[in-house]
Amino acid sequence: MQTIRVDLADRSYTVYIGTGILGHEHPAFNIPRGSTALIVSNEKVAPLYLESLAASLSGADVHQLILPDGESYKTLEYWSRIIDKLVEIRATRDATVFTLGGGVIGDMGGFAAASYMRGINFVQIPTSLLAQVDASVGGKTGFNHLHGKNLIGAFHQPTSVLIDIDTLETLPEREYSAGLAEVVKIAAVRDAEFLAWLEDNCAAVMSRETETVSEMIKRSIANKAAVVAEDERESGIRALLNFGHSFAHALETLTDYRQYLHGEAVAIGMMVASRLSEIRGLCETGFSERLGRLMASFDLPLELPRNLDPADILETMKLDKKVIAGSARLILVKAAGQGFIDSSSDKLQIAEAINKSLSGS
Ligand SMILES: NC(=O)c1ccc[n+]([C@@H]2O[C@H](COP(=O)([O-])OP(=O)(O)OC[C@H]3O[C@@H](n4cnc5c(N)ncnc54)[C@H](O)[C@@H]3O)[C@@H](O)[C@H]2O)c1
Ligand SMILES: [Zn+2]
């Protein structure tokens with residue numbers, strides 16, 4: 001079992017990474033005897049892992065709520081179902097919400113815990129790679145609005161995060177690759193050594209070799225935890241974690257969130273952002289190619305679809321949350337492991353990077 005401490009004064013917590021956690025005893029399952037636990041999961045993950053989790057919580061008054069699966073259910077309606085359930089089981093302030101699933105369940109269950117009685121405990125049990133390396137740590141919770149992804153939400157740190165690597169056995173390949181995009185992201189902006197490690201261990205990563213996956217998750221979270229400890233509410237450095245994301249969000253919006261998984265859009269977005277860094281002369285040439293090689297070996301897409309109009313991407317980016325007062329605030333890279341926040345790219349340079357990233361160019 002590996003542990004990482006997320007250092008946030010009285011909101012500090014531990015992330016546990018290991019195998020065979022679900023179904024066994026673990027300190028994070030020790031909630032006060034007789035107190036209420038609500039497991040929130042979805043129709044895909046619950047049949048696989050809910051029974052083991054419930055067995056680990058024996059001694060508590062355990063309830064469950066199983067929601068439909070998918071991003072389209074990360075809405076006000078399904079958040080309120082969680083609240084309704086908490087009311088129905090008469091959860092009091094010492095109740096704990098256990099979120100068992102990917103980032104959708106974690107974000108929405110986390111926000112229910114943040115808002116019910118002004119905040120109750122919650123334990124994240126992420127089961128997708130993306131949620132294990134990214135979404136479950138850092139305390140961002142919320143749900144989508146028709147006019148914006150994650151538009152409603154709050155910062156609410158979990159009481160602990162439990163990552164049972166065994167759950168990855170059932171994760172579809174495409175979802176696994178999408179999670180790898182966020183791994184590449186954190187390495188690219190913050191940890192050159194980790195980026196080289198990923199290149200060296202690419203085959204073992206793809207075959208989901210336990211030791212390698214465990215090390216990869218640990219290194220991703222250690223990086224994220226350091227960023228979050230420094231800037232919990234994203235007033236500065238935490239924005240580095242948005243590398244590739246402004247382009248990704250535009251791509252997701254223009255394709256109605258149907259064509260790409262989030263991580264896939266992020267992979268393409270990182271290619272555009274690293275090309276832009278090169279075009280601006282801020283980054284050694286060859287970095288985008290290097291990133292592309294690694295992501296191709298992780299079965300990630302690298303190019304924007306040909307039928308997309310670059311002007312539409314630029315237009316859509318204006319609506320992005322990360323754009324402040326007209327100038328595009330983007331995360332660029334100086335070199336491997338050295339991301340930075342930049343607001344001085346002009347429209348023509350951004351358009352050139354987009355053009356160079358269109359499929360077939
Ligand atoms: N809070 C944050 O800091 C943060 C960061 C990144 C992403 N997010 C959010 O996370 C969400 C994306 O997360 P995601 O990629 O996990 O999506 P997801 O929750 O939809 O999970 C992806 C798919 O995999 C399935 N799944 C999960 N674990 C499985 C398992 N072990 N076996 C089989 N199937 C499994 C899910 O049911 C779903 O169908 C988005 O809503 C995004 O906004 C939040
Ligand atoms: Zn992301």
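One-based numbering, in listed order, for ligands and for the atoms of each.
Checking only distances, Gly103 does come within under 3.5 Å of ligand 1, N or O to N or O.
Counting heavy atoms only, Leu130 comes closest to atom 12 (C) of ligand 1 of the residues Leu130, Leu168, Leu48. With distances taken over non-hydrogen atoms, the option nearest atom 6 (C) of ligand 1 out of Ser128, Gly263, Pro47, Ala135 is Ala135.
Using a 4.0 Å cut-off between a side-chain N of Lys or Arg and a carboxylate O of Asp or Glu, Arg238 and Asp231 do not qualify as a salt bridge. In summary, Asp107 and Lys140 do not engage in a salt bridge, as defined by a charged side-chain N under 4.0 Å from a carboxylate O. Between Glu278 and Arg275, no side-chain nitrogen of the basic residue sits less than 4.0 Å from a carboxylate oxygen of the acidic one, so the salt-bridge criterion is not met. One finds a salt bridge joining Arg290 and Glu199 here, because a Lys/Arg side-chain nitrogen approaches an Asp/Glu carboxylate oxygen to under 4.0 Å. Here Lys224 pairs with Asp134 in a salt bridge; the nearest charged N to carboxylate O distance falls below 4.0 Å. Remark: Arg174 does not engage Asp299 in a salt bridge, criterion side-chain N to carboxylate O under 4.0 Å.
The proximity of Lys140 to ligand 1, defined as any non-hydrogen pair under 4.0 Å, involves the side chain as well as the backbone. If you look at Thr141 next to ligand 1, there are no close heavy atoms at all, none under 4.0 Å. The side chain of Lys224, and not its backbone, has at least one atom closer than 4.0 Å to an atom of ligand 1 (non-hydrogen atoms only; side chain from C-beta on). With a 4.0 Å cut-off on non-hydrogen atoms, Asp69 touches ligand 1 through its side chain and not its backbone. With a heavy-atom cut-off of 4.0 Å, Lys74 touches ligand 1 through its side chain alone. Counting heavy atoms under 4.0 Å from ligand 1, residue Asn42 touches it through the side chain alone. By the criterion of a heavy-atom distance under 4.0 Å, the side chain of Glu71, and not its backbone, is placed next to ligand 1.
With a cut-off of 2.8 Å, the Zn ion (ligand 2) has an N, O or S atom of Glu182 in range.
Judged by the shortest distance from any of its heavy atoms, Gln124 lies outside the 4.0 Å radius around the atoms of ligand 1.
In the vicinity of Tyr49, heavy-atom distances shorter than 4.0 Å reach the ligand 1 atoms 31 (N). In summary, the atoms of ligand 1 found under 4.0 Å from a heavy atom of Lys149, numbered by their order in the structure, are 40 (C), 41 (O), 42 (C), 43 (O).
Exactly one residue among Val123, Thr36, Leu57 makes a side-chain contact (heavy atoms from CB on, under 4.5 Å) with Thr96. That residue is Val123.
At the top of the distance list for atom 33 (C) of ligand 1, counting protein heavy atoms only, stands Thr170 O, 3.1 Å.
Counting heavy-atom neighbours within 6.0 Å of Phe298 CZ, excluding the residue itself, gives a total above 12.
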